[in-house]
Amino acid sequence: MVKTIYVLNGPNLNLLGTRQPEIYGSDTMADVEANCRALVEPLGFGLKFFQSNAEHQLIDWIHEARNEACGLVINPAAYTHTSVAILDALNTFESPVFEVHISNVHKRESFRHHSYVSLRADGVIAGCGILGYELALRRLVQLVEPA
Ligand code: DHK
């Protein structure tokens with residue numbers, strides 16, 4: 001059976017490409033998904049790629065990933081800095097977790113410096129633009145053998 005990687009994206013990332021492009025760049029979520037697919041599918045992995053503005057939906061996808069995914073990449077966006085519930089959900093997921101931020105959150109407002117998700121993440125990438133997703137996936141596939 002093909003092993004599947006989940007890539008989850010939090011609030012406002014549906015606006016990627018038009019939202020504060022000086023911070024987040026001009027590529028869209030569709031571009032991010034295409035890049036992720038082009039990286040993992042030739043390596044024999046499946047990819048499920050999701051975005052939601054709703055915290056409960058992200059949690060439901062993490063629960064689904066417990067049975068379906070061999071690893072997970074998440075950009076929780078603003079929930080990074082607020083969501084104990086997403087941290088709790090990730091703590092029920094037993095395979096590798098990578099946290100991605102498009103911008104360098106440490107160079108921005110101090111409320112972005114703390115991440116609940118980092119308490120669970122096996123790796124964190126920030127400030128590499130949308131390339132961060134591919135960097136996280138490269139590390140993930142290194143840790144997880146395809147079927
Ligand atoms: C995206 C967001 O929407 C912010 O709330 C985070 C993150 C940073 C990013 O850089 O991808 O603070």
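Here the structure is a predicted model, which is why all the values come from computation and not from measurement. Start at 1 and go down the list; that is how both ligands and their atoms are numbered.
- Residue-environment remark: CD (Glu22) exceeds the threshold of 12 foreign heavy atoms within 6.0 Å.
- Counting heavy atoms from C-beta outward, Ile5 and Val141 have side chains that approach closer than 4.5 Å.
- Looking only at side-chain heavy atoms (C-beta outward), His101 and Arg112 stay at 4.5 Å or farther from each other.
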Tabulated below should be the N or O atoms of ligand 1 paired with protein N or O atoms at under 3.5 Å; can you produce that?
{"unit_1": "ligand 1", "atom_1": "3 (O)", "unit_2": "Arg19", "atom_2": "NH1", "d": "3.1"}
{"unit_1": "ligand 1", "atom_1": "3 (O)", "unit_2": "Arg19", "atom_2": "NH2", "d": "2.8"}
{"unit_1": "ligand 1", "atom_1": "5 (O)", "unit_2": "Ala78", "atom_2": "N", "d": "3.1"}
{"unit_1": "ligand 1", "atom_1": "5 (O)", "unit_2": "Arg112", "atom_2": "NH1", "d": "3.2"}
{"unit_1": "ligand 1", "atom_1": "10 (O)", "unit_2": "Ile102", "atom_2": "N", "d": "3.1"}
{"unit_1": "ligand 1", "atom_1": "10 (O)", "unit_2": "Ser103", "atom_2": "N", "d": "2.8"}
{"unit_1": "ligand 1", "atom_1": "10 (O)", "unit_2": "Ser103", "atom_2": "OG", "d": "2.6"}
{"unit_1": "ligand 1", "atom_1": "11 (O)", "unit_2": "Asn75", "atom_2": "ND2", "d": "2.9"}
{"unit_1": "ligand 1", "atom_1": "11 (O)", "unit_2": "Ile102", "atom_2": "N", "d": "2.8"}
{"unit_1": "ligand 1", "atom_1": "12 (O)", "unit_2": "His81", "atom_2": "NE2", "d": "2.7"}
{"unit_1": "ligand 1", "atom_1": "12 (O)", "unit_2": "Arg112", "atom_2": "NH1", "d": "2.8"}

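- Looking only at atom types and distance, the side chain of Asn53 has a donor-acceptor partner in the side chain of Gln51 under 3.5 Å away.
- Side-chain contact check for Phe49 versus Asn9: some heavy-atom pair is nearer than 4.5 Å.
- Contact annotation: the side chain of Val7 approaches that of Tyr133 to within less than 4.5 Å [non-hydrogen atoms, C-beta and beyond].
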